[in-house]
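These notes are about the structure you will find just below.
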Amino acid sequence: MPNSNVLKACEPTEIDLSGAADWVPFDAPALVGDSLRFVSGDSRGDRFRARYYRDADKHLHARFWLGPEAEGPPGHAHGGAVAAIMDEALGLAAWAAGYPIVVGNLNVSFRNMLPLKKVVTVESRVVSVEGRKIMVHGRIFRGDTTFAEAQCLCITIPGNGLPK
């Protein structure tokens, strides 16, 4: 008979990624296609789990959970995992605002080590538009603790830029 403790350790666990009461679920993959799968595509994985939302002002928010496969310093997220989340969330904020883009420059400031296996919030918003340049700012936080802040210069894709 198999060891039940081993089975329990391998079974996927449910993570509560529900949003704030005034947030509306946002179907990010429907907007940008399968390219979104790099970070948030595996809803039951042990690296990242994510759910996106929009608020009444149409700003993009997300709930993220980082699992053991995203580990850098013991018990905490790898900086590259944090940067990947910022890349996806800030780029997606531009797409959600109607700007098909690619990321031209991403600057991440790490404020505190992000613990694994905790749900964090990502907020992002377009702060300026100048020709083909779209500037997006965002942060990852939980309660009063900010783990990372980022500024992203996005460049619109010539043509419609939408997935086929």
Side-chain angles (χ1 to χ4, degrees), residues 15-29 31-32 35-43 45-157 161:
I15 306 297
D16 182 7
L17 296 173
S18 55
D22 61 337
W23 293 356
V24 176
F26 181 71
D27 186 0
L31 177 64
V32 298
S35 65
L36 189 65
R37 302 283 184 221
F38 179 73
V39 171
S40 63
D42 186 358
S43 64
D46 281 335
R47 184 173 312 239
F48 303 105
R49 297 187 195 179
R51 187 168 300 145
Y52 284 96
Y53 301 90
R54 287 177 93 176
D55 63 21
D57 295 322
K58 305 282 187 200
H59 296 297
L60 194 70
H61 302 272
R63 295 279 199 232
F64 267 88
W65 175 90
L66 287 84
E69 290 183 14
E71 188 172 51
H76 295 85
H78 188 283
V82 173
I85 288 171
M86 290 303 224
D87 178 73
E88 179 174 293
L90 275 60
L92 186 58
W95 278 86
Y99 303 102
I101 59 88
V102 293
V103 171
N105 186 297
L106 176 66
N107 292 305
V108 180
S109 297
F110 299 93
R111 302 294 181 209
N112 289 286
M113 290 183 12
L114 195 158
L116 296 176
K117 299 183 182 179
K118 300 289 184 190
V119 175
V120 295
T121 300
V122 179
E123 65 180 11
S124 54
R125 66 186 66 218
V126 173
V127 296
S128 68
V129 177
E130 189 177 317
R132 292 183 55 209
K133 297 178 183 179
I134 314 299
M135 183 60 73
V136 184
H137 289 182
R139 71 182 181 123
I140 300 174
F141 67 97
R142 180 182 170 100
D144 292 334
T145 303
T146 297
F147 300 104
E149 296 174 308
Q151 299 79 40
C152 184
L153 172 63
C154 302
I155 309 298
T156 57
I157 300 169

Euclidean distance, Ile140 CD1 relative to Thr145 OG1, rounded to 0.5 Å: 13.0 Å
Pairing residues for Arg51 by the side chain to side chain donor-acceptor pair (under 3.5 Å) criterion, not counting sequence neighbours: none
Over all atoms of both residues, closest heavy-atom pair of Leu106 and Ala83: CD2-O, 3.7 Å
Heavy-atom side-chain proximity of Arg49 to Leu17 below 4.5 angstrom: yes
Whether Arg54 side chain and Leu60 backbone form a donor-acceptor pair below 3.5 Å: no
Distance-only side-chain donor-acceptor flag, Glu123 / Tyr53, under 3.5 Å: no
Phe110 and Val82, any side-chain heavy atoms less than 4.5 Å apart: yes
Side-chain (Arg142) to main-chain (Val119) donor-acceptor, under 3.5 angstrom: yes
Criterion side chain to side chain contact (heavy atoms under 4.5 Å, CB included) on Val102 and Cys154, from CA distance to verdict: CA-CA 6 Å; Val102 293; Cys154 302; over 6 Å; no
Within 6.0 Å of NE2 in His59, more than 12 heavy atoms from elsewhere: yes
Heavy-atom check, side chain of Thr156 versus side chain of Ile134, under 4.5 Å: yes
Nearest-0.5 Å distance that lies between atom OG1 in Thr146 and atom CZ in Phe141: 7.5 Å
Cys152 side chain near Asn105 side chain, heavy-atom distance below 4.5 Å: no
Interatomic distance, Asn107 atom CG to Leu90 atom CG [nearest 0.5 angstrom]: 11.0 Å
Shortest non-hydrogen contact between Ile101 and Ala94, atoms and distance: CG1-CB, 3.7 Å
Straight-line distance of Ser109 OG to Arg139 CZ, nearest 0.5 Å: 13.5 Å
Minimum side-chain heavy-atom gap Trp23-His61 below 4.5 Å: yes
Tell me which donor-acceptor pairs under 3.5 Å the side chains of residues 62-77 have, and how far apart each pair is, sequence neighbours excluded?
unit_1: Arg63; atom_1: NE; unit_2: Ser18; atom_2: O; d: 2.9
unit_1: Arg63; atom_1: NH1; unit_2: Thr121; atom_2: OG1; d: 2.3
unit_1: Glu71; atom_1: OE2; unit_2: Gly75; atom_2: N; d: 2.6
unit_1: His76; atom_1: ND1; unit_2: Pro74; atom_2: O; d: 2.9

Side chain to side chain, Leu31 and Leu92, heavy atoms closer than 4.5 Å: yes
Arg132 CZ to Leu153 CG distance, which is reported to the nearest 0.5 Å: 11.0 Å
From Met86 atom CE to Gln151 atom CD, the distance as rounded to the nearest 0.5 Å: 8.5 Å
Close side-chain approach of Pro100 and Trp95, heavy atoms under 4.5 Å: yes
Glu88 side chain reached by Tyr52 side chain, heavy atoms, under 4.5 Å: yes
